[in-house]
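We use all heavy atoms of the structure for the numbers below, so side chains are in, but hydrogens, waters and symmetry mates are not. One-based numbering along the sequence shown.
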Amino acid sequence: MATPAPTTDRTVRTAPGPAAVPVDPAVHPAWLPDAALAPLGRRQVAVVVPDGVADALADPVVRTVRAEVTAATAAHGGAAPERADDADVALVLDPGAAGRLGGPEAFEVARAAGRVTVTAGTGAGLLHGFFHLVRGGEPALAGDGDGAVERHAPATTLRMLDHWDNVAVHPAMGQVERGYAGGSIFYADGEVRADLTRVAQYARLLAAAGVNRVAINNVNVHAREARLLTDDLPEVARIAAAFRPYGIRTHLSVSWASPVVLGGLTTSDPLDEDVRAWWRAAAARVWDAIEDFGGFVVKADSEGQPGPFAYGRSHADGANMLAEAVAPHGGLVHWRAFVYNHTQDWRDRGTDRARAAYDHFVPHDGEFADNVVVQVKHGPIDFQVREPVSPTFAAMPRTRLALELQVTQEYTGQQRHAVYLGRPWSQVLGFRFWGDGSPTVADVVAGRGPGADGGTGDGGAGGGAGREGGVAAVSNVGDDRFWTGHPLAQANLYAFGRLAWDPALDPADLLDEWAGLTFPGADRRVREALHAILDESWETYEMYTAPLGVGFMVRPHHHYGPDVDGYEYTPWGTYHFADRDGIGVDRTRATGTGYTGQYPAPWRDVYEDLETCPDELLLFFHHVPYTHVLRSGSTVAQHVYDTRFAGLERVLRTVEAWQAVADLVDPDVAERVTERLAEQVRSATEWRDVLNTYFWRKSGIPDAKGREIY
Ligand code: GCV
């Protein structure tokens, strides 16, 4: 994207407007319904750029801001005057301001003399400022302030969504792997969709939440998907063109074996000169087609995907070879740390999947190239409802690390259960490995952890100069009319973007912000009910599913519904080791797998000691008898019974809260939510009964309260 040249000429001029704002009326507007733009659209809103900055006028994101303003003011009775002097709201592009403001996406807001003035150094900054005012509604638009200036800049410049979308429908995983919202918005019938209006609309939603990068295909790269890198480049360029006006850069997942499967070479060895040349040429073709392309995402040596281990090379060798190919173009390599043995022997208690990311990657800290981001799942296993934070974040100070979250609810109810994930994500982002006052995970991924050089990144301008790796998450969006299957699962996508921009935001406030935008003008009772339904829904889900951090207990393959021993005697490494006496995984240094030793103090000791290990992670770290007394005072068995019964009760109260307001919302939304809640009740009942029965039959310990267990 063109960067406007600095100018001293302060004459202002209205930027030209582009095509219409992408809105398909058949699709639910999520957090950008027309009415959410009314407070701004009722006003006089000027978009002004310094005269003589030709590049600024050509910047597609500046043109988007202009289109948004034109559309909103036309729809709501405001106007778009040319001059700031005639406006209630002035969106001012000042190309010289980016540095002063804190980066290209930063903006400042001043309120004085009846006017709100947003100033930004780039189109992207201006767009974020525009959506900041939309989110803030009337209070944000009152121009009667004292001129005090608020500054807003993202915590990290890399805020990415990963799509696990397949181009061709996969026989086992379907069109979208772990997708619970219909087909793909990018692909249908084995091709990129001809009509990408929906993608443009998605880009607009993402920009309004703060996301600025999207990887458009599954990290499991099958034969058809591999060709996105070569034959389909013009199609990928069309997708990138749909994202670009909203300041979002496009990334591709690539197959490690591309030189073989696409290039006809006999090897993918990263140290082979022909392989390196193949990747250099491939990268050059990509950037020829898409000038602002973001880079490659790689899942290697993981769950059957090919990787450098086949050639006796390390993951640093593999990642750096790709990094070298993309570096001349300012590209990034997101290299996933989700590497573990998925063919282990359940009889072998010495192998611990939780150790894997750390064991594979930490020895290579400092070896990864500057444009490699090692992308680490938030927990050491796989997006379970409760896991400790992955210790890998604390152990690679010389590597750019990204936090990977999962917005799609693979293990948290698959968008059939209402489960708001803002709170657990906020806890992960705020986790302090080195004790009170030490840097958080959010600091680490922003390049401000201990031992990092404190760089602030390049603002998305070309590869990243700092040590930041940012935040990535698996998207929960499909071609469903509500985007996310469960309309309330939109809150998760929204909260992800907002927390990626500012990890310090309160997830409960974000919930209210989302509800206010999505249901503008709705009866106060609707917003109160949504808050009541969602705010503690993660805890509710945990109460009826796998207890005390033990994880899994889901049905194999599709991962929905209870099957306590479903994975117990399989090669996947997700065991709970229940027998008649007790349950849990001994991950202590003293008697177990030694995983606690991957944490720095104080956590290595907190988790090691039964006396100090938090209840909610007890079975992740310790194997204990069912009679073990928790810090809460309850035994493990009684805790399981009590929380399973209480969990279902909470779901039933959720249903009541919804029923009280369902008539006050759009009937389509009401019907879909009502249908999903009915399934949540059925499923939570099944979870309660299966879990309670399992623990009772294993332990022989009856429920102290004599409730029905089968
Ligand atoms: C894309 C889990 C999921 C897989 C997914 C994998 C990953 O194992 O079940 O579907 O594969 O994570 O993150 O790569």
Exam field: side chain [X] to backbone [Y], donor-acceptor pair closer than 3.5 Å:
{"X": "Tyr420", "Y": "Asn492", "result": "no"}
{"X": "Thr518", "Y": "Ala515", "result": "no"}
{"X": "Arg238", "Y": "Ala194", "result": "yes"}
{"X": "Ser426", "Y": "Gly422", "result": "no"}
{"X": "Ser253", "Y": "Asn217", "result": "yes"}
{"X": "His486", "Y": "Leu488", "result": "yes"}
{"X": "Asn476", "Y": "Ala489", "result": "yes"}

Separation of [Y] [atom2] from [X] [atom1] (nearest 0.5 Å):
{"X": "Tyr494", "Y": "Leu499", "atom1": "OH", "atom2": "CG", "result": "10.5 Å"}
{"X": "Leu652", "Y": "Thr654", "atom1": "CG", "atom2": "OG1", "result": "8.5 Å"}
{"X": "Ile239", "Y": "Asp232", "atom1": "CD1", "atom2": "CG", "result": "9.0 Å"}
{"X": "Thr574", "Y": "Gln384", "atom1": "OG1", "atom2": "CD", "result": "8.0 Å"}
{"X": "Ser537", "Y": "Met543", "atom1": "OG", "atom2": "CE", "result": "12.5 Å"}
{"X": "Thr570", "Y": "His342", "atom1": "OG1", "atom2": "NE2", "result": "11.0 Å"}

Can you give me the closest heavy-atom contact between [X] and [Y], atom names plus distance?
{"X": "Glu225", "Y": "Ala168", "value": "OE2-N, 3.0 Å"}
{"X": "Val65", "Y": "Gly123", "value": "CG2-O, 4.1 Å"}
{"X": "Leu421", "Y": "Gln406", "value": "CD1-O, 3.9 Å"}
{"X": "Val339", "Y": "Ser302", "value": "CA-CB, 4.5 Å"}
{"X": "Asp162", "Y": "Ala472", "value": "OD2-CB, 4.2 Å"}
{"X": "Thr540", "Y": "Tyr544", "value": "O-CD2, 3.2 Å"}

**OP:** Measure up the Phe338 and Tyr340 rings against each other and bin them: parallel (under 30°), tilted (30 to 60°), perpendicular (over 60°).
**Re:** tilted

Original post:
Using 30° and 60° as the class limits, which term best fits the ring planes of Trp425 and Phe496: parallel, tilted or perpendicular?
Top reply: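 Trp425 vs Phe496 ring planes: perpendicular.
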
Short N-O contact, [X] and [Y], less than 4.0 angstrom:
{"X": "Arg213", "Y": "Glu105", "answer": "no"}
{"X": "Glu68", "Y": "Arg204", "answer": "yes"}
{"X": "Arg423", "Y": "Glu539", "answer": "yes"}
{"X": "Arg227", "Y": "Glu235", "answer": "no"}
{"X": "Asp689", "Y": "Arg644", "answer": "no"}

In the structure I gave you, are the side-chain heavy atoms of [X] and [Y] within less than 4.5 Å of one another anywhere?
{"X": "Trp687", "Y": "Val554", "value": "yes"}
{"X": "Val526", "Y": "Trp658", "value": "no"}
{"X": "Met160", "Y": "Val211", "value": "no"}
{"X": "Val471", "Y": "Arg159", "value": "no"}
{"X": "Asp292", "Y": "Arg244", "value": "yes"}
{"X": "Leu511", "Y": "Leu530", "value": "no"}
{"X": "Val550", "Y": "Phe620", "value": "no"}
{"X": "Tyr246", "Y": "Leu206", "value": "no"}

How about [X]: does its [atom1] atom have over 12 heavy atoms from other parts shown lying under 6.0 Å from it?
{"X": "Asp666", "atom1": "CG", "result": "yes"}
{"X": "Arg525", "atom1": "CZ", "result": "no"}
{"X": "Glu679", "atom1": "CD", "result": "yes"}

Donor on one side chain, acceptor on other, [X] and [Y], under 3.5 Å:
{"X": "Thr197", "Y": "Tyr202", "result": "no"}
{"X": "Glu468", "Y": "Thr156", "result": "yes"}
{"X": "Thr412", "Y": "Trp538", "result": "no"}
{"X": "Gln414", "Y": "Gln409", "result": "no"}
{"X": "His531", "Y": "Asp512", "result": "yes"}
{"X": "Glu303", "Y": "Asn220", "result": "no"}

Original post:
Where do Arg650 and Glu656 land on the salt bridge (Lys or Arg N to Asp or Glu O under 4.0 Å) test, with the steps shown first?
Top reply: CA-CA 10 Å; Arg650 283 169 63 142; Glu656 283 165 19; over 6 Å; no

Original post:
On the ring face of Phe186, is Arg193 found with NZ or CZ under 6.0 Å from the centre and within 45° of the axis?
Top reply: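 Relative to the ring axis of Phe186, which defines the angle, Arg193 lies outside at least one limit.
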
Check ring-ring contact (aromatic ring centres under 6.0 Å, His included) between [X] and all other residues, then give those that pass, not counting sequence neighbours.
{"X": "Phe552", "answer": "Tyr411, Tyr567"}
{"X": "Trp256", "answer": "Trp335"}
{"X": "Phe482", "answer": "His28"}

Subject >> Residues Val254, Val221; criterion side-chain contact (heavy atoms from CB on, under 4.5 Å); working and verdict >> reply: CA-CA 6 Å; Val254 294; Val221 186; 5.7 Å; no

**OP:** Would you please indicate if the ring centroids of His417 and Tyr560 are separated by under 6.0 Å?
**Re:** yes

**OP:** For residues His378 and Phe383, establish whether the separation of their ring centroids is below 6.0 Å.
**Re:**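 Distance test on ring centres: under 6.0 Å, yes.
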
Subject >> From CA spacing to verdict: side-chain contact (heavy atoms from CB on, under 4.5 Å), Leu32, Leu517 >> reply: CA-CA 7 Å; Leu32 288 179; Leu517 289 166; 5.8 Å; no

Subject >> Option from Arg676, Arg198, Arg672 for which salt bridge (Lys or Arg N to Asp or Glu O under 4.0 Å) with Asp480 holds >> reply: Arg672

**OP:** Walk me through it: do Arg178 and His559 pass the test side-chain contact (heavy atoms from CB on, under 4.5 Å)?
**Re:** CA-CA 9 Å; Arg178 311 307 178 187; His559 298 167; 3.5 Å; yes

Subject >> Audit row: Asn218, Asn166, side chain to side chain donor-acceptor pair (under 3.5 Å) steps and yes/no >> reply: CA-CA 6 Å; Asn218 191 358; Asn166 298 314; 3.0 Å; yes

**OP:** Might you work through the side-chain contact (heavy atoms from CB on, under 4.5 Å) test for Thr545 and Met553, ending with a clear yes or no?
**Re:** CA-CA 8 Å; Thr545 59; Met553 300 193 166; over 6 Å; no

